[in-house]
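Only heavy atoms go into these numbers, but all of them, side chains included; no hydrogens, no water, no symmetry mates. Everything quoted here is computed from the prediction, not taken from an experiment.
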Amino acid sequence: MPTTDATTAAATAATAVRIGRLEAPGATLHYEVRGRGPLLVMMPGGSADAGIYDTLAAGLADRWTVVAFDPRGYSRSTLHGPTGEQLPGTHSEDVARLIELLSPDGAPAAVFGSSSSAIVALDLLSRRPGLVGRVVAHEPPLVELLPDPAAGRAVFAAVRESFLRDGVEAAMATMAAGLAPEGGAGGGRYEVATGADEESRAATGPVEDDGATAPPEESDGASEAEAEAQNGAGAEVDAVAEAEAATVRRMMANLPVFLEHVLCSFSGHAPDLDALRAAAPKLVVGVGRDSRALLPAVAAERLAQRVGSATAEFPGGHVGLTEDPVAFGARLREVLLG
């Protein structure tokens, strides 16, 4: 029977991050791998990069080979030329290349996407269904599926125009104003799914600072071994906090690319409903428990109705994966294994 030390070493090895780079047409992609087993690709949405999935990936690495990556033009995935309008099809081909590179024995992969990356996941399923065994698309904001698509397109076009004219802060204010009114683009109340504060959370995830980054004080009479253990734990917390801060900086730096080159082209994407209908047994559309009245969730549920796929409720709202990554990850595990 394995010793405690051996078990700990095995768990550490399973969650250790292995970093790679993949050359794709027009870009070099940064990706991170944890665990062993069937391939699970975690696709970041909004302005997020691979770091958004650090907690989820570590929690799922006992069952899957978990791959997260920076989308082309974000963070450490560099473009080979100027930044242009980004298209879901280009990004889904990037994911296809990752699957072909990393999937053990060429087996179909599981894919998870949230928000804008859920749109990429749907495109991958419609174009390359043989590469995937299960796709979980959490709240894809597909305005073409809303009761009034033109109103939805206008909301995001105004956000982009505001960014180009006045910058990120103004664009976030426009987003809030455009999504909040009664009788919005979907005929119901759309609260702020990606307003200034919410967009930051969607892009970066929560970064808590409650004083835990300082090494804990030693109690009177603590042994030298106890003091060393406490200091070691404090140093580990410091390292985690610094890694989280670096992730935040990268994701905030991606916001201009997202607002100018991703937001409108992704949200305005018209999915291939016939192809998705044919692949519906592989598809689960995720909806946040707390965001059913928001534009992305309304579009997601209408998608599931149109193609006949399953739906699954997830903890939290549109950015539930950052609100409570442990609970979200547990629910994702259930859906992937269901």
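Atoms NE2 and CG, from His269 and Leu142 in turn, are 7.0 Å apart once rounded to the nearest 0.5 Å. For the atom pair CZ of Phe258 and OG of Ser116, the computed distance is 5.5 Å after rounding to the nearest 0.5 Å. Residue Leu255 holds its CG atom at 12.0 Å from CD of Glu169, rounded to the nearest 0.5 Å. Interatomic distance, Leu102 CG to Arg97 CZ, rounded to the nearest 0.5 Å: 13.5 Å. Atom CD of Glu313 sits about 9.0 Å away from atom OG of Ser291, to the nearest 0.5 Å.
In this structure, Lys282 contributes its side chain and Pro129 its backbone to a donor-acceptor pair below 3.5 Å. The backbone N or O of Asp49 sits nowhere less than 3.5 Å from a side-chain atom of Asp70 that would complete a donor-acceptor pair. Side chain of Ser126 to main chain of Leu276: no donor-acceptor pair is present (N/O by atom type, distance under 3.5 Å, no hydrogens or angles). Listed for the Ser162 side chain is no donor-acceptor partner under 3.5 Å among the backbone atoms of Ala158. A donor-acceptor pair is defined here as one N or O able to donate and one able to accept, closer than 3.5 Å; no such pair exists between the side chain of Thr174 and the backbone of Val159. Under a 3.5 Å cut-off, the side chain of Arg160 and the backbone N or O of Ala171 do not form any donor-acceptor pair. Side-chain atoms of Asp94 never come within 3.5 Å of backbone atoms of Arg72 as a donor-acceptor pair (strictly under, hydrogens ignored). Remark: the backbone N or O of Val262 is not paired with any side-chain donor or acceptor of Glu85 at under 3.5 angstrom. Distance alone, capped at 3.5 Å, is enough to place a donor-acceptor pair between the Thr65 side chain and the Gly37 backbone. Not one N or O on the side chain of Arg36 forms a donor-acceptor pair closer than 3.5 Å with the backbone of Trp64.
A salt bridge does not link Arg34 with Asp62: none of the charged nitrogens is closer than 4.0 Å to a carboxylate oxygen. A salt bridge links Arg249 with Glu242: the distance from a Lys NZ or Arg NE/NH1/NH2 to an Asp or Glu carboxylate oxygen falls below 4.0 Å.
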Could you list the donor-acceptor pairs under 3.5 angstrom formed by side chains in residues 295-312, with sequence neighbours left out?
from, atom 1, to, atom 2, distance (Å)
Glu301, OE2, Arg292, NH1, 2.4
Arg302, NE, Leu145, O, 2.4

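Hydrophobic clustering (ILVMFWY, side-chain heavy atoms < 4.5 Å, transitive): Leu87 and Leu263 are in distinct clusters.
Listed by first then second residue, pairs satisfying salt bridge (Lys or Arg N to Asp or Glu O under 4.0 Å) with a partner in residues 98-117 read Glu100-Arg128, not counting sequence neighbours. Among residues at least two apart or in separate chains, ring pair (Phe, Tyr, Trp, His ring centres under 6.0 Å) pairs with a member in residues 102-139 are Phe112-Phe328, His138-Phe314, His138-Phe328.
Closest approach of Asp123 and Ser92 over heavy atoms only: OD2-OG, 2.6 Å.
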- Item | Candidate pair Val17 and Val33, rule side chain to side chain contact (heavy atoms under 4.5 Å, CB included), full reasoning | CA-CA 6 Å; Val17 181; Val33 184; over 6 Å; no
- Task: Could you please spell out the steps behind the side chain to side chain contact (heavy atoms under 4.5 Å, CB included) verdict for Leu131 and Val95?
- Result: CA-CA 10 Å; Leu131 287 180; Val95 180; over 6 Å; no
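With ring centers used as reference points, Tyr74 lies 6.0 Å or more from His30.
Under 3.5 Å, the side chains of Glu23 and Thr28 contain a donor-acceptor pair of N or O atoms.
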